[in-house]
Amino acid sequence: MSKPRVRFAPSPTGALHIGGLRTALYNYLFAKKMGGEFILRIEDTDQTRYVPGAEDYIMEALEWTGLALAESPKIGGDYGPYRQSERKSMYADFGHQLVKNNWAYYAFDTAEELDAERLKVESDGGTFSYNVHSRGNLKNSLTLGEKEVKALLDAGADFTIRLKCPADEIVYVEDIIRGRVEFQSNLLDDKVMLKSDGMPTYHLANVVDDYHMKITHVIRGEEWLPSTAHHVLLYRALGWEDQMPQFAHLPLILKPAPASYINPKKVDGLTEKFTSEFFKKHPDFTLKSKEQVYQMIRGILLDVKDISNRVQVKPKDKEDKIVIKEFLKSTLFGKLSKRDGDRLGFPVFPLSWQGEKADDHFTGFQEVGFDPKALLNFLAFLGWNPGTDQEIFSLEELVESFSLERIGKSGARFDYEKAKWFNQQYLIHGNDQEIAAQLKPMIEEKGWTASDEKLQKVASLFKERASFTKDIPDAALFLFTDDFSYDEKNGRKKWKAAHAEKNHALINILKETSDFSAENLETIIKGFIEENGLGFGDVMAPLRIAVSGKAGGPSLFDILALLGKEKTVDRLEKGYAHFASLQV
RNA sequence: GCUCCUGUAGAGUAAUCGGUUCAACUCGUCGCUCUUUCACAGCGGAGAUUGCGGGUUCGAAUCCCGUCAGGAGUACCA
């Protein structure tokens with residue numbers, strides 16, 4: 001078998017969503033695993049939705065995560081161009097060929113006419129679809145005479161080309177992930193292939209391009225499954241049936257489970273957000289006051305355990321209730337969206353994005369502090385699993401263990417806690433030198449300085465109590481500056497006036513100590529505690545707070561050693577004086 | 001409405017294409033151990049009548065039928 005070729009084909013309508021990144025990942029993994037090629041194609045056939053900067057964003061995101069492309073608009077390749085807008089002429093030719101072979105027809109209905117028709121049918125309780133049943137009554141080359149069609153065409157009338165779906169047939173796809181999926185051709189609508197602006201729709205363009213780019217496997221999101229029937233028909237109509245790629249439709253990435261983020265503590269804030277969102281979405285809603293809506297939403301959120309049931313519309317529900325329930329249902333369940341990120345406070349995009357409008361801005365995984373390797377690892381498990389207990393995988397290991405067959409069919413729920421856990425794992429198992437190198441600019445930005453040696457030590461001491469590298473500078477702030485504040489509550493609690501004298505005696509002992517290594521400090525301090533019949537907490541706790549301001553942190557002896565004698569003694573004197581003053 | 005997809009503990013998944021065992025593992029949660037503290041680590045607990053109801057079978061999470069729920073699609077968007 002020849003080398004597989006797979007493509008990632010996003011449209012540049014905005015930043016690349018995390019689901020898109022995961023599609024890219026799976027394409028990449030499959031290609032590498034099979035020794036094939038991973039290529040990028042930009043699907044920009046809708047000029048009205050084109051967003052400047054989106055294409056660059058996509059490529060930057062792929063670069064950041066290390067998903068290397070074999071061919072793309074930027075690096076080129078033997079099957080270019082890789083931007084559909086640059087392949088425009090080609091599609092029109094195939095569109096007309098389709099008509100010539102009686103696999104499609106010209107349709108002259110305007111958008112307004114179709115809307116009117118749709119309205120008419122729906123008012124009679126039906127549903128409008130441009131298909132086998134209705135095409136005989138509409139304005140197209142099937143119903144109009146040959147002459148009339150020619151006249152219209154010659155006169156430059158606007159037209160679209162629509163696929164003529166066959167009657168009474170079962171169209172099927174053998175999906176790698178889902179198995180055989182069947183469709184009744186009578187129910188398929190005659191999708192537009194070529195728009196009146198001369199641009200192809202996604203359906204035509206993607207089939208034509210996949211064929212010409214010799215794509216062997218189409219790995220894409222589940223939202224494409226229903227239209228795959230049309231794609232299968234297209235391959236047949238174009239005479240490429242024997243070269244049709246294999247399909248694999250990926251499960252969706254769903255919003256986090258409500259129970260994972262709704263709790264009594266957060267319910268008020270959440271209710272407020274939901275309520276204002278509700279009125280943004282339904283500005284004309286007057287059935288209930290804002291306060292009433294707030295109370296109703298709050299009541300439902302409070303009952304997290306039964307939330308899916310509470311949100312269900314019951315037959316006796318009145319209209320106001322229905323509207324609110326439907327709103328909650330759609331904001332609580334379903335596909336992960338950008339809004340979820342805003343609302344719940346986690347990134348949904350790999351990199352930060354600034355659109356043309358000021359409020360079209362959001363932060364990405366990168367800015368939050370994620371290691372791209374951890375992100376990829378996390379994403380890989382959203383829908384796929386290796387069948388073993390191993391969870392931490394390098395990209396290479398992912399390639400090695402990956403297979404399309406092990407991708408699940410059901411939607412994968414986004415779990416931000418798990419994402420953070422992955423990042424922490426990478427941090428803990430990361431190399432101290434590398435972490436120190438990342439730390440350096442962060443430290444400098446805060447106006448501090450530190451030797452590489454010290455930064456490495458800090459990395460090793462602090463990495464296992466942080467989720468992100470960028471959390472470390474703040475956690476270790478007292479090692480870089482004297483300008484830190486005390487945990488007053490614990491300072492007051494841990495400082496015992498009764499032991500004040502002895503604690504001050506320890507300062508004097510430390511003053512006399514020449515060997516300020518962690519090991520030596522440990523023997524000295526532990527010795528002191530024993531000799532004086534004190535508890536560890538009596539001495540260690542105030543010591544820690546005086547020196548670091550905090551009640552928790554890495555081994556105290558390591559910290560003192562890192563701080564050095566002078567600073568240690570100085571801080572103890574200041575700190576103990578401060579604690580004593582709190583005792584009033 | 002119609003079409004298609006999906007339904008295993010709070011979450012992510014597993015269970016060699018019906019068959020030993022308490023339905024397994026990870027995250028989260030709770031507790032214990034370790035420790036001056038926080039974290040890491042280790043150990044343990046709670047949490048699932050495998051959406052529900054039937055059926056086939058000696059035996060079903062796995063097969064069949066029904067039903068409910070959720071999602072996606074239903075554009076001259078991708």
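Numbered from 1 within each chain, the chains take letters A, B, ... in sequence-line order.
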For a quick check, with a 4.0 angstrom heavy-atom cut-off, what is the B/S/- contact string for nucleotides 72-78 of chain B, read 5' to 3'? SS-SBBB
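No engagement by K550(A) is indicated, since no non-hydrogen atom pair under 4.0 Å with the nucleic acid exists. Nucleic acid contact for G383(A): sugar-phosphate only, since backbone atoms but no base atoms lie under 4.0 Å from a heavy atom of the residue. R220(A) comes within 4.0 angstrom of no nucleic acid atom, judged by non-hydrogen atoms across all strands. No contact: F422(A) has no heavy atom under 4.0 Å from any strand.
In this structure, the NZ atom of K409(A) is 16 Å from the P atom of C4(B), given to the nearest Å.
The side-chain tip of R118(A) does not point at the ring of F128(A) from less than 6.0 angstrom away and within 45° of straight on.
Mapping K418(A) and S308(A) onto RNA chain B by nearest heavy atom places K418(A) at the nucleotide closer to the 5' end.
Donor-acceptor pairing under 3.5 Å, judged by distance alone, is absent between the side chain of R178(A) and the base of C5(B).
More than 12 heavy atoms of other shown residues, nucleotides or ligands fall within 6.0 angstrom of atom CZ in F484(A). Atom CD of Q47(A) has more than 12 heavy atoms from other residues, nucleotides or ligands within 6.0 Å. Crowding of K325(A) atom NZ: a count of heavy atoms from other residues, nucleotides or ligands under 6.0 Å exceeding 12.
Under the 30°/60° scheme for interplanar angles, the aromatic rings of F468(A) and F370(A) are found to stand perpendicular. Ring geometry for F393(A) against W384(A) counts as perpendicular: the plane angle is over 60°, on a 0 to 90° scale with 30° as the lower cut.
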